[in-house]
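Fair warning: this is a prediction, and the values are worked out from it, not measured in the lab.
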Amino acid sequence: MGAWITFLKERLPLPSYLVLVVGLAMSGNALGSPAAAAESVFPPWGAATIAAAGAFLFFAVLRIMDEYKDYEKDKVAHPLRPLPRGLIAPEQVEVAVKGLAVAMLLLSVAVGLANRPAGISYLLVTGYLWLMYREFYVGAWLANRPLLYAASHQVIILPLSYFCVLAGNPDAWRHLQPAFLGITVLGAFFTYEICRKLDPSAHPLLQTYLSHYGPAKTLIFTLCTIALSALGALGLGLGQILWPLEGILIALLSLLLFAPYRFKIIEHGATISLALHVWAVPLSTWLRSTG
């Protein structure tokens with residue numbers, strides 16, 4: 001048990017993930033229609049708790065799953081991570097992934113018995129996550145296409161966002177707000193995914209976007225993911241809050257061309273941007289109530 005606690009502390013830091021899951025849950029709750037309280041089968045606090053629990057379980061499985069899939073590469077590029085250094089055996093991690101996937105399946109069924117739309121959305125998350133675990137059964141082909149690989153793994157944010165909204169309002173699938181939330185968060189996650197892999201001195205085995213595509217193309221790809229977030233922000237009416245933030249991140253991305261060794265600045269900017277995108281809906285609600 002001690003080894004697993006160490007593993008989780010290193011690879012699944014609770015404060016960071018709580019920022020994500022609570023933000024998503026609160027955003028889903030805030031996006032309910034005015035009639036959401038009457039339509040929901042759960043009280044607002046219950047819906048938010050279910051959304052947060054489902055999101056946390058998803059991120060936990062995703063993190064552990066990636067550790068297992070990256071084991072061979074990490075033995076060379078990141079030998080001090082828990083699996084390469086022998087803290088936990090890959091076979092133990094594989095068992096944990098399968099067990100947690102079953103837990104996700106059971107949660108989708110349990111939620112679906114009371115709230116069918118939310119249960120279906122979480123079932124989609126669970127099924128798609130399993131396909132990601134199996135690399136869609138074309139892993140060797142995807143491995144040489146980092147951008148397509150990332151896109152195929154980021155799109156799962158859409159059904160997860162729907163789940164967080166539908167948990168509080170099962171009728172919300174009839175509206176565009178869950179889709180706009182998903183687009184906003186998807187763009188922010190995708191941007192972060194690119195920006196955390198910009199180290200020009202990274203091991204070639206890691207195939208970072210910078211080493212595979214070069215700075216100019218990587219910059220273009222990142223501008224597209226930021227534009228995706230900006231589009232979602234427009235749909236949510238959050239342009240005044242998020243567009244300046246996205247503009248700052250675009251300015252930081254110029255370092256790719258002029259000072260690539262400053263990649264950590266871009267990564268930190270993308271991290272802050274992700275957190276604020278996830279929390280933008282409840283923050284805007286709070287600002288309007290105090291303004």
Side-chain angles (χ1 to χ4, degrees), residues 1 4-32 40 42-69 82 88 92-93 95-112 114-115 117-133 153-169 178 181-182 184-186 188-190 192-193 196 271 274-283:
M1 182 59 72
W4 275 104
I5 292 174
T6 302
F7 171 85
L8 294 175
K9 284 181 178 179
E10 292 184 21
R11 306 304 296 157
L12 192 75
L14 192 58
S16 299
Y17 280 90
L18 283 179
V19 169
L20 294 178
V21 302
V22 176
L24 276 173
M26 296 296 290
S27 292
N29 233 245
L31 282 179
S40 178
F42 306 118
W45 64 267
T49 301
I50 290 170
F56 184 79
L57 184 56
F58 159 75
F59 282 114
V61 178
L62 181 65
R63 177 70 272 155
I64 296 172
M65 179 183 82
D66 283 347
E67 292 297 306
Y68 176 75
K69 291 194 300 179
I88 296 175
Q92 292 176 281
V93 178
V95 171
V97 168
K98 292 178 180 178
L100 290 171
V102 171
M104 289 183 68
L105 181 61
L106 293 176
L107 179 61
S108 66
V109 172
V111 172
N115 181 336
I120 291 173
S121 62
Y122 201 69
L123 185 61
L124 289 174
V125 171
T126 304
Y128 197 88
L129 187 61
W130 183 259
L131 290 176
M132 288 168 55
Y133 176 59
H153 286 59
Q154 293 293 317
V155 73
I156 196 172
I157 295 298
L158 291 173
L160 182 66
S161 298
Y162 263 88
F163 167 71
C164 290
V165 178
L166 292 170
N169 180 7
L181 175 65
T184 303
V185 177
L186 169 61
F189 263 106
F190 208 155
Y192 169 74
E193 167 65 18
R196 74 184 184 91
T271 302
L274 172 59
L276 290 176
H277 276 77
V278 168
W279 277 92
V281 176
L283 283 176

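- Of all the heavy atoms in N115 and L166, the pair that sits closest is ND2-O, 2.9 Å.
- Taking CZ of R196 as the reference point, atom OG1 of T271 lies at 9.5 Å (rounded to 0.5 Å).
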Pairs of donor and acceptor atoms involving the side chains of residues 43-58, under 3.5 Å and at least two apart or interchain, shall be tabulated with distances.
unit_1	atom_1	unit_2	atom_2	d
T49	OG1	W45	O	2.7

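- Residues L20 and L274 meet the side-chain proximity criterion, which asks for heavy atoms closer than 4.5 Å.
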- request: Kindly indicate, with the supporting measurements, whether the criterion side chain to side chain contact (heavy atoms under 4.5 Å, CB included) is fulfilled by H153 and L62.
  value: CA-CA 10 Å; H153 286 59; L62 181 65; 5.8 Å; no
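- Here the closest heavy-atom approach between residue V281 and residue A30 is recorded as CG1-CB, 3.6 Å.
- Nearest heavy atoms, Q154 versus F189: OE1-CB, 3.3 Å.
- Once rounded to the nearest 0.5 Å, the distance linking CD of E67 with CZ of F7 reads 4.5 Å.
- Atom CG of L24 is separated from atom CG of N29 by 12.0 Å, given to the nearest 0.5 angstrom.
- Every side-chain hydrogen bond (donor to acceptor under 3.5 Å, both in side chains) that E10 has, sequence neighbours left out, goes to R85.
- Contact record, W279 with V19: NE1-O, 2.8 Å, taken as the closest heavy-atom pair.
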What donor-acceptor contacts under 3.5 angstrom involve side-chain atoms of residues 156-165, with partners at least two apart or in another chain?
unit_1	atom_1	unit_2	atom_2	d
S161	OG	I157	O	2.9

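- More than 12 heavy atoms of other residues, nucleotides or ligands sit less than 6.0 Å from atom CE of M65.
- Classified by interplanar angle (parallel below 30°, tilted 30° to 60°, perpendicular above 60°), the ring pair Y133/W130 is tilted.
- Taking 4.5 Å as the limit, some side-chain heavy atom of Y122 sits within range of a side-chain heavy atom of L107.
- Here the side chain of W4 pairs no donor or acceptor atom with the backbone of I88 at under 3.5 angstrom.
- At a threshold of 4.5 Å between non-hydrogen side-chain atoms, the residues L129 and M132 count as touching.
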